[in-house]
Amino acid sequence: EEVPTVNEGKAQILVTNEKVFYNPVQEFNRDLSIAVLTIFAKDYNEEVPQKNKLEKDDKISISHNVENQRGITILEALSATGLRSIRYAKEVEGVRQIIANDISAKAVDSIRQNVLHNGVENLVTPYHEDATLLMYQRRRNRFDAVDLDPYGCPSMYLDGAVQCVSDGGILLVTATDVAILAGNVPETCYYKYGAISIKSKSCHEIALRILLQCIASYAGRYGRYIVPLLSISVDFYIRVFVKVFTSHDKCKENSNKIGMLYQCNGCESMNFQPLVVRKAAKNYKLPSAPIIDQLCKHCQHRQHMGGPIWLGPLHDHGFVSRLLCNLNNMELGTSKRMEGVLTVIHEELDIPLYYNLDRLMSIVRCHVPPMLMFRSALLNAGYKVSYSHASKISIKTDAPNDVIWDIVRAW
Ligand code: SAM
């Protein structure tokens with residue numbers, strides 16, 4: 001009897017067990033991860049030939065398969081059908097070994113079958129373990145890339161993941177519980193991610209910044225810090241790609257990239273308060289605790305406090321432009337969409353959050369001017385402006401709130 005199959009990228013998955021999770025909507029997520037890992041592996045294999053060589057020599061003594069001794073190692077901690085790992089094996093150049101792990105025995109059966117069916121048994125090793133345990137066991141024998149793609153919230157895997165990724169290695173993390181991160185349930189967000197989410201027009205970017213803050217905070221416990229390469233909000237999930245390094249000094253430096261967010265209850269103006277100010281200006285006093293009774297200076301309403309969130313860059317623009325350039329060399333089902341999203345991301349200003357033009361105008365009860373005119377007004381006033389990939393009507397700008405309100409009122 002013929003087994004039904006699903007094709008995605010260069011992989012073909014057998015659908016023998018309906019209980020094992022395959023989500024076609026996540027094709028974009030997998031395509032994007034392949035694009036990112038391709039550039040990452042290229043850099044990594046060039047940057048650390050010495051390190052790779054060492055590990056290579058170690059491996060040769062325990063393995064007969066000398067062919068695949070070059071390249072990066074990947075852990076897919078929650079693999080389900082093995083589809084993602086199989087695609088990494090077939091579509092990412094410069095991969096040495098992939099562990100496709102799942103806690104469910106049925107899933108691991110399906111990974112085993114799919115690995116054989118796709119002829120990638122030399123690269124992909126099916127593994128049956130609780131992801132957390134496996135990651136703790138590999139704290140000293142680390143992976144160059146660790147991929148977390150759980151149902152819902154990834155936070156319970158982060159402590160293990162930040163420890164088992166190599167220096168200069170990459171963490172790829174999905175969160176699908178966007179409603180929680182986007183302000184629907186602030187207390188749940190707090191206990192899961194250690195940050196209060198806030199209802200806001202820029203909730204999708206806040207979600208990204210809460211997840212990054214959460215990863216940074218786990219990494220910091222082990223003297224490690226993160227450098228985001230790409231942070232993306234699409235469909236009903238978010239996905240971040242961060243490099244992880246070790247340095248206590250940099251951890252300290254990075255702490256000024258974490259801060260609280262204030263959003264006025266009246267005019268929705270947003271302000272940020274870094275938790276740590278390294279070079280405090282003269283006369284600047286860091287409040288002993290965040291003040292929420294402080295009134296918004298634009299409209300005298302009280303302010304909501306959210307966070308802490310990541311205030312540093314969401315993307316490495318050099319990396320994003322290389323991703324874009326390389327898209328033509330790849331055969332990905334969703335490459336058109338990817339090109340669109342990455343082009344917007346490439347232009348995104350490194351400024352936290354954004355306003356929404358419709359909302360700004362409705363606060364002052366005025367008609368919405370054409371987006372282009374509003375943007376020109378900001379540019380003419382000498383400020384920068386861009387979109388956020390997370391919202392089509394977003395205004396990301398370095399203009400202070402005063403200037404934004406002056407322009408809104410003048411309309
Ligand atoms: N990454 C897959 C893909 O791209 O097709 C989808 C993964 S699916 C969303 C989540 C998987 O995590 C399920 O197969 C589930 O069995 C597995 N899982 C849940 N808890 C786990 C744990 N503690 N350790 C390992 N796997 C776990």
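Counting starts at 1 for both ligands and their atoms, following the listed order.
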| Mind checking whether F40 and K243 have side chains closer than 4.5 Å, heavy atoms only? | yes
| field | Any side-chain heavy-atom pair of W405 and S269 under 4.5 Å | value | yes
| note | Contacts satisfying ring pair (Phe, Tyr, Trp, His ring centres under 6.0 Å) that involve residues 130-152 (not counting sequence neighbours) are F21-Y151
| Quick one: does NZ or CZ of R337 land under 6.0 Å from the six-membered ring centre of F28, within 45 degrees of the ring axis? | yes
| query | Which residue pairs pass the salt bridge (Lys or Arg N to Asp or Glu O under 4.0 Å) test with at least one member in residues 195-220, sequence neighbours excluded? | reply | E205-R209, E205-K396
| query | If you count only heavy atoms, which residues are under 4.0 Å from ligand 1? | reply | F21, R30, E76, A77, L78, S79, A80, R84, N101, D102, I103, S104, E129, D130, A131, D149, P150, Y151, Y157
| query | Partners of N329 by side chain to side chain donor-acceptor pair (under 3.5 Å), sequence neighbours excluded? | reply | N326
